[in-house]
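Convention: sequence-line order gives letters A, B, ...; per-chain numbering from 1.
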Protein chains: 2
Amino acid sequence: MQSEPVASRSADPRDSRDSRESRSGTPQLDAVSLAIIEQLQEDGRRPYAAIGKAVGLSEAAVRQRVQKLLDQGVMQIVAVTDPLTVGFRRQAMVGVNVEGVLDPVADALTAMPEVEYVVMTAGSFDILAEVVCEDDDHLLDVINKRIRALPGVRSTESFVYLKLKKQTYMWGTR
Amino acid sequence: MQSEPVASRSADPRDSRDSRESRSGTPQLDAVSLAIIEQLQEDGRRPYAAIGKAVGLSEAAVRQRVQKLLDQGVMQIVAVTDPLTVGFRRQAMVGVNVEGVLDPVADALTAMPEVEYVVMTAGSFDILAEVVCEDDDHLLDVINKRIRALPGVRSTESFVYLKLKKQTYMWGTR
DNA sequence: TCGAAGCCTGCGGATTTCGCAGATCTGATC
DNA sequence: GATCAGATCTGCGAAATCCGCAGGCTTCGA
């Protein structure tokens with residue numbers, strides 16, 4: 001989860017227990033957990049026994065691993081849709097430029113229910129945020145009154161969605 | 001199960017009856033189906049009986065509706081993760097400017113396995129594409145050798161991800 | 001009026017989930 | 001090297017869930 005180089009993985013006395021965490025707090029996943037995730041990326045409701053057969057583990061072991069992955073927040077099993085199908089008529093990606101530290105702005109964006117996706121980036125924007133709204137008024141309100149009003153926000157640029165062409169969640173399956 | 005976009009729906013002339021389609025080919029969802037989707041956005045593995053109790057339907061009815069929603073491609077139930085956690089070290093959003101028609105370029109991007117997300121936008125980019133790669137070399141290769149090489153691509157701008165702050169799939173839950 | 005289609009309910013039987021106890025393995029400590 | 005603690009896996013009933021199917025109700029058009 002961190003852009004930090006993983007190079008310095010020396011003998012850290014602490015990271016013995018648990019599933020070995022890097023200093024960024026990101027759990028280290030072994031090949032079996034990756035295989036389980038891959039199975040669930042194909043079908044989030046696949047039975048544990050079927051997954052177990054595919055990855056070479058018992059049903060109970062798969063169940064425990066899945067539960068742990070969910071608890072740790074490594075993955076979530078959810079229904080995804082095209083928002084346009086579900087009644088949200090306006091979506092946009094908003095590029096944000098920030099003065100000073102990024103985190104307060106990123107946290108404020110994260111707290112907004114209309115914001116589905118927040119990522120800090122390197123490039124001509126500091127933060128990219130995806131906004132899902134019901135109509136133009138709503139979108140305008142979120143961008144102009146709420147996002148641009150945040151302290152530290154220097155400027156924003158919006159990209160209104162015209163058509164969603166692809167949406168996948170299957171890295172690992174390739 | 002398919003890497004097919006959730007967005008694209010088959011404009012089949014036959015299914016005029018069915019659950020009533022608008023001319024965009026998008027199935028019209030009633031309040032109950034929306035409520036079911038909402039339940040599954042909270043927990044993709046929630047039992048049908050529990051969903052039925054929440055939306056006022058029998059277990060079998062929920063099951064049939066869910067199956068239909070999946071078949072129609074309205075929603076998918078999948079595991080989602082932060083790719084950085086799962087071993088993909090470099091991600092970027094790529095803004096693309098196109099000369100002429102957009103669709104050939106958008107389709108070419110959609111066909112690339114490293115591209116997870118493609119959307120046509122209004123604004124200073126014509127297309128936004130999210131790229132998931134294993135390392136810097138891979139990312140560089142995709143952006144410079146593959147994307148920029150597409151016929152019709154006038155220019156691109158990349159935003160390398162530093163940290164994913166938020167990722168939700170819960171429209172309707174608000 | 002009739003038939004077809006869509007959607008719902010109820011109901012067993014097969015399957016899956018769930019909780020738990022015991023076995024195994026690994027690393028840390030002395 | 002002996003031992004202990006923690007984590008993980010397996011096996012196994014009991015409970016819950018999933019699944020297919022038959023039947024009822026309603027709508028719509030011939």
Problem - Nearest-Å distance for atom pair CZ/P, residues A:Arg46 and D:dC18 - result: 16 Å
Practice task
With DNA chain D as reference, determine whether A:Arg45 or A:Ser58 sits nearer its 5' end, using the nearest nucleotide of each.
Solution key: A:Ser58
Exercise for the section: Please check if the distance between the ring centroids of A:Tyr117 and B:Tyr117 is under 6.0 Å. Expected result: no
Practice task
Starting from P on D:dA22, measure out to CD on B:Gln64 and report it in whole angstrom.
Solution key: 14 Å
Practice task
Could you tell me the separation between the OH atom of B:Tyr48 and the C1' atom of C:dC7, rounded to a whole number of Å?
Solution key: 17 Å
Practice task
Look only at the side chain of A:Lys166 and the backbone of B:Met112, and say whether a donor-acceptor pair between them is shorter than 3.5 Å.
Solution key: yes
Problem - Phosphate OP1/OP2 of D:dA7 contacted by A:Lys68 side-chain N/O (<4.0 Å) - result: no
Practice task
Find the distance B:Gln67:CD to D:dC19:P and express it as a whole number of Å.
Solution key: 8 Å
Problem - Proximity to the side chain of B:Arg65 - top-ranked nucleotide from D:dT8, C:dC7, D:dC18 - result: C:dC7
Problem - Selection from C:dC8, D:dC9, D:dC12 that lies nearest to any side-chain heavy atom of A:Glu59 - result: D:dC12
Completion exercise
When rounded to whole Å, the CG to P distance for the pair A:Asp71 and D:dT8 reads 12 Å
Completion exercise
In this structure, SG of B:Cys133 is separated from CD of B:Glu116 (nearest 0.5 Å) by 10.0 Å
Exercise for the section: Take atom CD1 of B:Ile51 and atom P of D:dA16, then tell me their distance rounded to the nearest Å. Expected result: 18 Å
Exercise for the section: Classify the nucleic acid contact of A:Arg63 as base, sugar-phosphate or nothing, counting any heavy atom under 4.0 Å across all strands shown. Expected result: base
Exercise for the section: Check A:Arg45 against B:Gly44 and note the closest heavy-atom contact, atom names and distance. Expected result: NE-O, 3.1 Å
